[in-house]
Q: 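First the structure, which I've put down as structure tokens, then a few questions once you've had a look.
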Amino acid sequence: MEEAPRSKKRHLLLAFAVLLLPLALAGCAESTSPQAWFGRPESDFARILQGLFDRIILIATIVFVVVEGILFIALFRFRRRPGQGLPSQTHGNTQLEIGWTIVPAVALAFVAVPTVRAIFETYHPDTTNTVKVQVIGHQWWWEFRYPDLGIVTANEPHFPVGQKATLTIESADVIHGFWIPGLGGKRDAIPTRVNELWWTPEKTGEYYGQCTQLCATSHANMRIRAFVDDQNGWNAWVNAMKSANGSQPAPDVQRGYQLFTTNACVGCHTIQGTPANGQVGPNLTRFGARTTFGAGLYQNTQENVTSWILDPQAAKPGNKMPNLHLSEEDASAIAAYLRSLK
Amino acid sequence: MATISTAIPGAMPAREAVHVHHDYGWKSWLMTVDHKRIGIMYGVTAFGFFLVGGIEALLVRTQLAVPNNTVVDPDTFNALFTMHALTMIFLALMPLSVAFFNIAVPLMIGARDVAFPRLNALSYWIFVAGGVLLNLGWVSGGAPADGWFAYANLTSKEFSPGPGMDFYALGLQVLGLASMAGALNFIVTILNMRAPGMTLMRMPVFVWMTLVTSVLIVLAFPVITVALVLLTLDRVVGTGYFVPSMGGDPVLWQHLFWIFGHPEVYILILPAMGVISEVLPTFSRKPLFGYHFVVYSGVAIAFLAFGVWSHHMFATGLGPIADSGFSLATMLIAVPTGVKIFNWIGTLWGGQIRFTTPMLFAVAFISMFIIGGLSGVMHASPPADLQQNQTYFIVAHIHYVLFGGTILGLMAGIYYWFPKVTGRLLDEGLGKVHFWLTLIGFNLAFFPMHFLGLDGMPRRIYTYPADMGWNTYNLVSTIGAFTIAAATLVFLYNFFRSVRFGAVAGDDPWDAATLEWSIPSPPPEWNFDRIPTVFSARPLWDEKYGVEGGHGHGGGGGALVAAGHRGEHASAVGAPAAAATAVAEHAGEHPEHIHLPNPSYWPMVIAFGVFCLASGIIYALPISIVGLCIIFVGVNGWAFEPAG
Amino acid sequence: MAVHATETHAVHVDTSPDSGYGTTLGLSHRKLLMWAFLGSDCMFFGTLISNFVVYYTRQQGGPNPAEILNIPYTSVSAFVLLMSSLTMVLALAAIQRGDEIGMRIWLIATASLGTVFLGGQYYEFTTFYSEGMKLTGVNLFSSAFFTLTGFHGAHVTIGVIWLLSLVVTSFVKGIGREHSLNVEIAGLYWHFVDIVWIIIFGAVYLMGTALAEAPK
Amino acid sequence: MIYEENPIHQIPTPTQMHEGSHPSAQKYIVIAVILTILTAVEVAVYYVESLRPILIPLLGILGLSKFVLVVGYYMHLKFDPKLFTWLFVGGLVTATAALTGLWALFNGWGG
Ligand code: HEA
Ligand code: HEA
Ligand code: CUA
Ligand SMILES: [Cu+2]
């Protein structure tokens, strides 16, 4: 068991490297993830959270370096050397105990005070003159309603830049977690409860989000693509959504329209202006204007939509949309129609 | 039990077992009420479950190694991580801790057994029954797949129609029974069976942490039991406690679960902290620094544990006052935890540190647990947690505290007490390979998870697209997981080899300070020929080195320890000559006069009854009735058999 | 152990295992175990009571406490259980005097009162069922009520069996002063079940109906 | 049991405790009378309309008194070593504190 001091030194150095390597990685890790939140707050809300996190991580890093530093100094300095007698049998030191009780407590106060301030800042938003969005989680997709504007859509919400949005978050079945990291923290969508969230987006663009509470089979496939539009873009989107009318299909997708309205689709899906007013599935009004479908799972292409309609289960496990056993031709026609709804 | 009965006879010849005249056949294991053998059974079974939980983890990591992977389907994936967590927590780490309670506590306090030896056997067998029940879903209709905290209302019959959640609810109730029985037993044992002179403040810290953990178990488990009863009623009978359409509130489940769940995580860490508090002083050749403060901070952690549960629910939206209160209480826990860390470092400071394998694990515990603790403090700030909650940042925290903390700590314990239990030392060379592979694999597996969290990867997702920027970290993490697996194989090899061929340990291979090292390795069935009288917190040390080593607290006086067999085998690891030659012959009374409890098979019978009772609720009520009858017969047999 | 106060002041060392002789604290293992268990059972019933308190006003149709609970009736059964605590402690006092016969009488009295209480609960449950209050399918007040009082009833049942087994033991081989701890432990359990009912009677019956009646 | 040869009685440890003596049968009956009266008072105040506003605290105090009497006298906590009281009250206080917190959260105290 007793080894030459040489090899112990090597062990210690190795241990050090193991510890420091990941840290070094942390320093130079430039995130390439579209869903990252760290270092990428794009709203006032997200900025509050990031600011708080920055402060904590600063304190945590100091604590980490100091405490691990002392630990390793102790390990190095007091490793056993040959020919030593018994070390002095110290039992403790009350001053030290008081010191290392108080110092961490004080350090924590620097976290606690801004934390409490931020808690009250982030709860219960003032909703006057805000864009109101009702978020409803379903197994396994998101419904977005804009009650003041009379708009209903799914999976791809839009927000105007520089304007405060207040969101209420509910669930239609089980608990889901609503999270768009770039715009703000998450809140759970809980049956029997209505949660709140708010943000004022600061930058236009596309934001990834995802369900964060386990909601069974396709929990991993319950994603969100949010869009922050400039003022013109937002106005255009709102107007188009309001005036959308799916009952005047272009001639080349007429057949798809017929098929859609005569099949079971209408029992579950709504398309504004058409007889389709089902509430079970996502609202398909202006489906063609969405970049993705299946809750962020697939690019909105003709092939993808066709194969979705042909076999939803294969496209998304567990999916509540039944396979209606349409022919390839019919499915393709419907897909063409849906994609024409811009 | 085949592995046990083959492993231990191999261990026995390590010392000329003069007094050992009882059999080690497989039947004797089924009927044993000896705390040491029950401890071995707990340890072996728990380690088996650790391998099961680890294989589940490896499957999880294999699925996540690359984007869009299809090794397992989504529902299997959900079952895998659910069972991984349940197995690790309830079937591996808790019982592994209990194994140490069993093996070490009576020896450390100078007792001949626990207060209720048959109850102890009952705990073990009920634990086995619960473990089997929980895992039965794999072969019988589907394992639990709603996550280890199983948030309602996903667990309702409507959304989880299979039997998985029934196995969850009933399995955990049965396991809770085992934990409760064990914890009550250890509370009584520790309070009431200490050797003369061993005041509370002379108890080894490990014994203290056992006491605190047991109190936590006794207070936390009834809460989850009630929650599980309500869930069972919802699912089996048709009440609506957690069913929104019937007026139920799913958030009540969250509260009940975490009122239990947070104390539970301290139930998992405090025993490991106790182990560390024994190992560090031994290999620093110094007393534990600030003994009183280490003890009090353990008590403080336990006390605070009941006031922080809602820090798991910051995204639930409880309101600003609630969030603030729970946040502050949570941060407060960092203070007593810090006190422990600093006192451990204080113990190292000025010592003569011997880097044996147990010591390496102990030191790694401190180092890694700090990382996990600090990420805990990051979650403790609710607004900041709104970004971290339910991401891999949390998964990183979980594993830095549970693996970097508990597993490393318990590993230190295994290397430390293995010689006491088997009479042989684990191989140091292989031990070091095990250690470094584990440490490297562990950091590879779990450090990248912090970055995954910052990059927005939610936990519990069975797949992810390729363009999320998560690919490298996930691959590294998977490699790390397999490195841990390799390390574990090294350990297994070392274990089976050393049981038979390891260096003979002698009574006190580490030159330690506490009572268990004053008796032979392995100890005779009655532990102490004569119950020692204790005058300080380091009785054996003081006996070996005189009082100048032991002054300070606990009242002076040389530590009088009844002489055991000592000195026949020179220490294999360089313990000082004092220990090896101190007392040549012992003055104990003849072992025949020591009264030992009789073996009993009733504990096993009752446990089987409990198993039938619980599984009948899932399968068919008549089975439950049979179970009740078996329990009744068992209790009767128990009550009227002479306890010895 | 507990030598009766009026009996003797002579120093005598009781070395029976029950006396706690030879233990660290001079207390019996079993008594310590029972008290630790009762501390734990506080959490158990506390959680069940919380479940009731959180849910009983969440009406979704069905009866509410004020409409269905019968205070005079339950007052009587609460009284019965209270008196069983008296008989229980008298049984203990008897055996501690060495009065085996007295103990049997009081134990049987206790078990009988417990059985009366259980009978009362059975009658109460059937009445409630006939009035449309059921464990399932009615409302959460009903479910929580039956769960809470049902678990209490189960505790009482176990208590009655325990007491009767003591009576049987007494007849078969006698308990005697040296084993009075057996009675004391059962008594602790029994009294605990009684105090749980004190809480349930106050919180569920009296407060529960009063609050449910209060103007909405 | 296992400790027959243990010389503990020669070396009393600082934590050594002794059970006090228990009260007499008369005392038990007096307690029973008080308990009965308290129960009667509970039911009585319940039916007095004018006490409704303070009914809850009133019932709380009455119930608590009964609780303390049973625990203190019938269960002998008043006379037995304090450790028993600690074990029991520890559970009781934890239950009360944690579950009161839970109740508060369900009644809008979360803010
Ligand atoms: C062994 C188990 C263990 C331990 C010991 C801890 C310890 C801590 N945990 Fe952890 N925790 C878990 C196991 C554990 N946890 C698990 C399993 C989960 C996830 C459950 C799930 O969702 O599945 C979880 C989740 C979890 C959450 C919920 C996060 C979320 O889901 O959003 C939070 C939030 O506050 C938290 C906080 C803490 C804190 C503050 C500590 C503290 O006790 C840590 C204290 C330690 C230190 C701080 C380091 C040492 C101290 C110093 C060196 C002193 C100086 C320090 C400072 C000044 C800061 N934990
Ligand atoms: C209690 C302790 C504990 C321990 C020790 C571990 C250990 C490990 N955990 Fe675990 N984990 C949890 C507790 C624990 N975990 C909890 C509570 C969760 C949350 C679950 C939830 O969300 O509900 C979780 C979740 C969790 C996840 C997230 C799943 C998800 O959210 O989708 C992942 C992913 O990588 C993971 C990985 C691992 C790995 C790789 C290990 C490794 O360290 C495992 C190492 C062990 C081995 C590798 C075994 C070695 C086996 C052999 C060598 C085979 C030998 C074979 C024979 C002899 C036949 N864990
Ligand atoms: Cu919805 Cu996960
Ligand atoms: Cu916690």
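A, B, ... follow the sequence lines: proteins, then strands. Residue 1 opens every chain.
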Q: Please determine, among A:A189, A:C211, A:P181, the option with the most heavy-atom pairs under 4.5 Å with chain B.
A: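 Going by pairs under 4.5 Å, I would pick A:P181.
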
Q: Can you say whether B:D73 sits under 4.5 Å from chain A via the side chain, the backbone, both, or neither, judging by heavy atoms?
A: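 Contact with chain A is absent: no heavy atom of B:D73 under 4.5 Å.
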
Q: Which one, B:P281, B:P465, B:G147, B:A145, leads in non-hydrogen pairs under 4.5 Å with chain A?
A: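 So the answer, after comparing B:P281, B:P465, B:G147, B:A145, is B:P465.
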
Q: Who among A:V103, A:L197, A:T101 has the most heavy-atom pairs with chain B under 4.5 Å?
A: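 The residue among A:V103, A:L197, A:T101 with the greatest pair count is A:T101.
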
Q: Could you tell me whether a side-chain N or O of B:N153 sits under 3.5 Å from a main-chain N or O of A:D173, the two making a donor and an acceptor?
A: yes

Q: In the structure I gave you, are the side-chain heavy atoms of B:W470 and A:Q35 within less than 4.5 Å of one another anywhere?
A: yes

Q: How far does CG of B:D75 sit from OG1 of A:T217, to the nearest 0.5 angstrom?
A: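 Between B:D75 CG and A:T217 OG1, I get 3.5 Å after rounding to 0.5 Å.
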
Q: Answer with side chain, backbone, both or neither: which region of B:Q388 has an atom nearer than 4.5 Å to a non-hydrogen atom of chain A?
A: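 The answer is both parts of B:Q388.
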
Q: Looking only at heavy atoms, which two atoms of B:F149 and A:Q213 are closest? And how far apart?
A: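 Here B:F149 and A:Q213 meet closest at CE1-OE1, 4.5 Å.
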
Q: Tell me which of these, B:I321, B:L452, B:V251, B:D146, has more heavy-atom pairs under 4.5 Å with chain A than the rest.
A: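 Among the listed options, the one with the most contacts to chain A is B:V251.
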
Q: Quick one: CZ on A:F72 to CD1 on B:I366, what's the gap to the nearest 0.5 Å?
A: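 Separation between the atoms: 10.0 Å.
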
Q: Which region of B:W349, side chain (C-beta onward) or backbone (N, CA, C, O), has a non-hydrogen atom less than 4.5 Å from a non-hydrogen atom of chain A, or is it both or neither?
A: both

Q: Looking only at non-hydrogen atoms, find the nearest pair between A:L49 and B:P383 and report the distance.
A: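 In this case the closest contact between A:L49 and B:P383 is CD2-O, 3.3 Å.
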
Q: Looking at B:S160, B:A384, B:S381, which one has more heavy-atom pairs under 4.5 Å with chain A than the rest?
A: B:S381

Q: Can you check whether A:Y208 reaches B:M468 side chain to side chain, under 4.5 Å on heavy atoms?
A: yes

Q: Is A:Y123 reaching over with its side chain to a backbone N or O of B:P320, donor-acceptor style, under 3.5 angstrom?
A: no

Q: Does CZ belonging to A:F120 count more than 12 external heavy atoms closer than 6.0 Å?
A: yes

Q: Below 4.5 Å from any heavy atom of chain A, which atoms of B:A152 appear? Answer side chain, backbone, both or neither.
A: backbone

Q: Below 4.5 Å, heavy atoms only, C-beta onward: do A:H91 and B:L288 meet side chain to side chain?
A: no

Q: Which value, rounded to the nearest 0.5 Å, describes the distance between A:I57 atom CD1 and B:M378 atom CE?
A: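 Answer rounded to 0.5 Å: 4.5 Å.
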
Q: Out of A:H219, A:R223, A:K186, A:E196, which one racks up the most heavy-atom pairs below 4.5 Å with chain B?
A: A:K186

Q: Of all heavy-atom pairs between A:T192 and B:P244, which one has the smallest distance, and what is that distance?
A: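 In this case the closest contact between A:T192 and B:P244 is CG2-CB, 3.6 Å.
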
Q: Is it the backbone or the side chain of A:W179 that comes under 4.5 Å from a heavy atom of chain B, or both, or neither?
A: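 Contact with chain B: side chain only.
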
Q: Would you indicate whether the side-chain heavy atoms of A:F45 and B:L386 approach each other to under 4.5 Å?
A: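 Yes; the side chains approach each other to less than 4.5 Å.
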
Q: Heavy atoms, side chains only, cut-off 4.5 Å: are B:F342 and A:E97 in contact?
A: no

Q: Using non-hydrogen atoms and a 4.5 Å limit, figure out which bit of A:S88 sits close to chain B: side chain, backbone, both or neither.
A: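 For A:S88, the backbone is the part near chain B, not the side chain.
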
Q: Do you know the tightest heavy-atom contact between B:I353 and A:L75?
A: CD1-CA, 3.9 Å

Q: If only atom types and distance count, is the side chain of B:D323 paired as donor or acceptor with the main-chain N or O of A:I119 below 3.5 Å?
A: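 It does not hold such a pair.
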
Q: Name the region of B:T391, side chain, backbone, both or neither, that has any atom closer than 4.5 Å to a heavy atom of chain A.
A: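 Just its side chain gets close to chain A.
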
Q: Show your working on side-chain contact (heavy atoms from CB on, under 4.5 Å) between B:L154 and A:Q139 and close with a plain yes or no.
A: CA-CA 11 Å; B:L154 182 59; A:Q139 273 179 330; 4.1 Å; yes

Q: A:A220, A:G185, A:P87: which one forms the most heavy-atom pairs within less than 4.5 Å of chain B?
A: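 Greatest number of close heavy-atom pairs with chain B: A:P87.
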
Q: Would you say A:S33's side chain and B:G469's backbone share a donor-acceptor pair under 3.5 angstrom?
A: no

Q: So which atom in A:V111 and which in B:M331 form the shortest heavy-atom distance, rounded to 0.1 Å?
A: CG1-CE, 3.7 Å

Q: Measure B:S324 against the heavy atoms of chain A and call it side chain, backbone, both or neither at under 4.5 Å.
A: both

Q: Chain A: which of B:L328, B:I341, B:N343 shares the most heavy-atom pairs with it under 4.5 Å?
A: B:N343

Q: Of the listed residues (B:G338, B:G351, B:S327, B:S297), which shares the most heavy-atom pairs with chain A below a 4.5 Å separation?
A: B:G351

Q: Please tell me if the side chains of B:D249 and A:R193 come closer than 4.5 Å, counting only heavy atoms from C-beta onward.
A: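 Heavy-atom side-chain distance check passes, below 4.5 Å.
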
Q: Using heavy-atom distances under 4.5 Å, tell me whether A:F178 contacts chain B through its side chain, its backbone, both, or neither.
A: neither

Q: Measuring heavy-atom distances to chain A, does B:L348 have an atom under 4.5 Å in its side chain, in its backbone, in both, or in neither?
A: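 Interface part for B:L348: both.
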
Q: So which residue, A:N93, A:N221, A:T115, ends up with the most heavy-atom pairs under 4.5 Å with chain B?
A: A:T115

Q: Need one label for B:F442: side chain, backbone, both or neither, based on atoms under 4.5 Å from any heavy atom in chain A.
A: neither

Q: Given the options B:D385, B:N389, B:T347, B:V363, which has more heavy-atom pairs under 4.5 Å with chain A than any of the others?
A: B:N389

Q: So, for A:A60 and B:L374, which heavy atoms are closest and what is the spacing to 0.1 Å?
A: O-CD1, 3.5 Å

Q: Between CD of B:Q390 and CG of A:D188, what distance do you get to the nearest 0.5 Å?
A: 7.0 Å

Q: Counting only non-hydrogen atoms closer than 4.5 Å, does B:F81 touch chain A with its backbone (N, CA, C, O), its side chain (CB onward), both, or neither?
A: side chain

Q: Please determine which of A:W37, A:F38, A:F53 meets the side chain to side chain contact (heavy atoms under 4.5 Å, CB included) test together with B:Q387.
A: A:W37

Q: Got a second to check how far B:Y462's OH is from A:S218's OG, nearest 0.5 Å?
A: 5.0 Å

Q: In terms of heavy-atom pairs under 4.5 Å, which option from A:V63, A:I169, A:T122, A:I190 contacts chain B the most?
A: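 Most pairs with chain B among the choices: A:I190.
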
Q: Within the structure provided, determine whether B:F355 and A:R79 are in side-chain contact (heavy-atom separation under 4.5 Å).
A: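 Side-chain contact under 4.5 Å: yes.
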
Q: Has the side chain of A:Q89 got a donor or acceptor atom that lies under 3.5 Å from a matching backbone atom of B:K286?
A: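 Answer holds: no.
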
Q: Please walk me through it: do A:L214 and B:Y151 pass side-chain contact (heavy atoms from CB on, under 4.5 Å)?
A: CA-CA 8 Å; A:L214 180 65; B:Y151 274 5; over 6 Å; no

Q: So do the side chains of A:L96 and B:F293 get within less than 4.5 Å of each other, counting heavy atoms only?
A: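 Counting from C-beta outward, A:L96 and B:F293 never come under 4.5 Å.
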
Q: Please assess A:Q210 against B:I461 for the test side-chain contact (heavy atoms from CB on, under 4.5 Å), listing each intermediate value before the final yes or no.
A: CA-CA 10 Å; A:Q210 192 160 358; B:I461 55 173; 3.8 Å; yes

Q: Judged by atom type as modelled, is there a donor-acceptor pair below 3.5 Å linking the side chain of A:R187 to the main-chain atoms of B:F314?
A: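 Yes, the answer is positive, given that a donor and an acceptor are paired below the 3.5 Å cut-off.
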
